[in-house]
Amino acid sequence: MRLSGDAGQIYRQIIREIHSRVRLDGAKLPLKPKSSREEIERMREKLRAFTPHDIPANIKPLKVKKEYLNDRILFVREEDIDKVAKLNLCKIDAGEPGLRIGREFFELETDEKSNTALEVIVAPEIYVKAVYENLENLKALADLMLKAFGSSVVPEVLSEVEKIAPLMERARLAGRIEEIVAEEALRLNRRIEEKISELEVTIKGERILELMRGRVPEIEELESFIAEEVIESERKIEEITGINAEIFSRSYPVEVNTVAVDRIKAEIEEEAIIELYKACRPVAEKIFRLLPEINREVEKAYELEFLRAVKEFCSGFVFPEFSDCIAFVNGKHLFIPNPQPVSYAVGNSEIASGKIAILTGANSGGKTSLLELIAQMQIMAQMGLPVNAEMAWTDVVDELFFFKRKRGVQGAGAFESAVRAFTRALLGKGRKLVLIDEFEAITEPGAAVRIIAEFLRIAHEKDHYVVIVSHLGKELSEMLPFARVDGIEAKGLDENFNLIVDRQPKFGRIGRSTPELILEKLYRKAKGEEKDVLERVCRSVRD
Ligand SMILES: Nc1ncnc2c1ncn2[C@@H]1O[C@H](COP(=O)(O)OP(=O)(O)OP(=O)(O)O)[C@@H](O)[C@H]1O
């Protein structure tokens, strides 16, 4: 469905309202109004069949972060170097095809034999890591898919990846070893300091004699305490790394032997990286194949969340019946707080007939708002959504043209652009709903009658639906027998001299405009000479 003129703005208001209820960023889907009845029916079906699910907030697409791996060299035939250079995953060199990691060399199968993507062969770890770092999100996705659709590929991927979790941890360990040792050194020194401060309070005067004789049992005790604590700390690190080494000095303050730490790190790295690579190869091949499927599941989750928000927004609304009219009973404007419900129709309906309607009536009576309401109804109907009314009927159109009066915009420029827009709305084939707000406001009333009349004749010939707001209802209805004139009327003034308007248009009746009521209101409020002047004007209008 084409949205022309200001119709796009109405669509954006509606979609913004739905999006404000969506709790997942990725789920703010664009749902455009459609011109095909099948597509509209499909969306309706989705909404009817939908049962809401709690959508976990941590669902997001699985992204594989490409990273450059310094620990390997890919060898390819000289002539293939340029082709694979764009992979940018590791160093590439000419040679017998294969991948060198540390002391190991893995032969490469030739392209013809292998179906596996080269990046999966070179860096399978990055695929496994992408899953491993998103275990919680993926578990949430799997739960949701199983609940909502009874199937998911995620559990298969997770079970593969979880098998190599210990290897992943070990490979990570190499990167964290300095940190682990530094933290342990800190704790170790703290334990020793606690012990020393205890000693300070227990040293007694008589010990001084022993100290003078060169025998200090406290110091000896402290030295053996330090040795025990250091061994204890080294044992803890051995538990983590599986490697026994003299990492700490044996005296206070305990210092880290960086050479020993580097050696541990190198040992873990070499062995863990190779083990991990071997384990990741088959897993990555599977994930690589299933990644698009996982992300399709994420899309499905987004759709569930979007539909939930749509349902929330449309709660209490009704699906319009397909018909050869655009009509509703007790429709409510979406963005006016506590709106008075209004019924309206163009086309052949039980409410009123005629495809061309001229809407007349009281100032601030709600004419513009009624055009907005009709636009909202039609856009939502063609989005496949229910509408805010007790009953509604819709005819699918190809284009909605909405010309909104721009307050304060006057003159030749405004007139020219309005004529252009109106002309464009009448061009070409297709079913159209044309909504026009007070076209004459930007030209002279005399010329306006003739211009509008001709535009409406063309619209009538083309069998479009038209609602046009005009104060020229009387003149237009005389010229256009096919047009229906509706009126929104003021009922009177309230105790604060505000106009009481009935927002419900009277069909086939020109709405009495309200200058009399306004004059009366001003007259009743006025004092002195102003009151005299207004009294004369009021009388002249009545006469
Ligand atoms: N159905 C409704 N229920 C409650 N308030 C409404 C309704 N329709 C319109 N209003 C309110 O009435 C006021 C005037 O509405 P609107 O601008 O649509 O009138 P109008 O007839 O187009 O005015 P004008 O003659 O100045 O162009 C607005 O504040 C609007 O929110």
Side-chain angles (χ1 to χ4, degrees), residues 5-7 9-10 13-14 17 316-318 326-346 351-352 357-380 387-392 401-410 414-415 418 422 434-443 445 448-449 452 466-476 484-494 496-507 509-522:
D6 301 300
Q9 195 188 330
I10 307 261
Q13 273 182 323
I14 294 169
E17 202 55 36
F317 294 8
V318 296
I326 290 169
F328 47 86
V329 172
N330 286 338
K332 288 189 192 160
H333 194 290
L334 294 172
F335 306 108
I336 293 178
N338 298 319
Q340 179 192 330
V342 172
S343 305
Y344 203 70
V346 262
I351 303 170
I358 300 159
L359 188 57
T360 63
N363 297 324
S364 294
K367 300 181 293 298
T368 307
S369 306
L370 178 54
L371 292 190
E372 285 168 3
L373 176 59
I374 300 167
Q376 289 167 3
M377 293 276 177
Q378 194 59 20
I379 290 172
M380 285 189 66
V387 299
N388 196 5
E390 259 168 39
M391 280 191 283
F401 174 82
F402 184 19
F403 173 79
K404 220 174 151 180
R405 179 155 67 99
K406 318 281 179 298
R407 286 178 200 270
V409 180
Q410 289 285 348
F415 178 66
F422 206 167
V434 180
L435 305 172
I436 301 200
D437 195 3
E438 246 189 282
F439 184 75
E440 75 258 24
I442 48 176
T443 181
V449 177
I452 295 171
V466 181
V467 181
I468 181 165
V469 169
S470 175
H471 289 296
L472 306 167
K474 189 164 177 295
E475 295 82 343
L476 286 169
R484 190 183 80 215
V485 184
D486 302 328
I488 295 181
E489 290 192 334
K491 290 191 285 196
L493 294 168
D494 68 11
N496 297 318
F497 301 108
N498 293 318
L499 287 174
I500 309 166
V501 260
D502 182 4
R503 314 283 180 191
Q504 175 58 53
K506 305 269 185 311
F507 298 108
R509 210 162 97 187
I510 297 172
R512 240 179 341 111
S513 85
T514 49
E516 282 159 273
L517 289 161
I518 290 167
L519 280 170
E520 190 183 324
K521 168 177 135 180
L522 293 174

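What you see below is based on every heavy atom in this structure, not just the backbone, and it leaves out hydrogens, waters and symmetry mates. Numbering of ligands and ligand atoms starts at 1, following listing order.
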Item to check | Steps toward side chain to side chain contact (heavy atoms under 4.5 Å, CB included) verdict (Leu334, Gln13) | outcome: CA-CA 9 Å; Leu334 294 172; Gln13 273 182 323; over 6 Å; no

Next on the checklist: Under 4.0 Å from a heavy atom of Pro339: which atoms of ligand 1 are those, numbered in the order shown and with their elements?
Outcome noted: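 Counting from 1, the qualifying ligand atoms are 3 (N), 4 (C).
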
Checklist entry - Going by the atom numbers of ligand 1, which of them fall below 4.0 Å from some non-hydrogen atom of Gly365? => result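 Reading through ligand 1 atom by atom, the close ones are 19 (O), 20 (P), 21 (O).
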
Item to check | Chi angles and distances behind the side chain to side chain contact (heavy atoms under 4.5 Å, CB included) call for Val469, Thr368 | outcome: CA-CA 8 Å; Val469 169; Thr368 307; 5.8 Å; no

Relative to [atom], which among [options] owns the nearest non-hydrogen atom?
| atom | options | value |
| --- | --- | --- |
| atom 7 (C) of ligand 1 | His333, Gln340, Arg503, Lys404 | Arg503 |
| atom 19 (O) of ligand 1 | Gly361, Gly366, Ser369 | Gly366 |
| atom 23 (O) of ligand 1 | Pro341, Ser364, Pro337, Gly331 | Ser364 |

Item to check | Side chain, backbone, both or neither: Lys367 near ligand 1, heavy atoms under 4.0 Å | outcome: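 Answer for Lys367: both.
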
Checklist entry - Does ligand 1 have a heavy atom under 4.0 Å from the side chain of Thr368, from its backbone, from both, or from neither? => result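 Both backbone and side chain.
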
Checklist entry - Which word best sums up how the rings of Phe335 and His333 line up, parallel for under 30°, tilted for 30 to 60°, or perpendicular for over 60°? => result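 It falls in the perpendicular class, over 60°.
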
Next on the checklist: For Phe328 and Tyr344, take the angle between the two ring planes, folded into 0 to 90°, and tell me which bin it lands in: parallel under 30, tilted 30 to 60, perpendicular over 60.
Outcome noted: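 It falls in the tilted class, 30° to 60°.
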
Checklist entry - Does Arg503 use its side chain to pair, donor to acceptor, with the backbone of Gly365 at less than 3.5 Å? => result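 Side chain of Arg503 to backbone of Gly365, a donor-acceptor pair under 3.5 Å: yes, one is there.
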
Checklist entry - Testing Val485, Thr360, Leu370 for side chain to side chain contact (heavy atoms under 4.5 Å, CB included) with Pro505, which one passes? => result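 Among the candidates, only Leu370 passes.
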
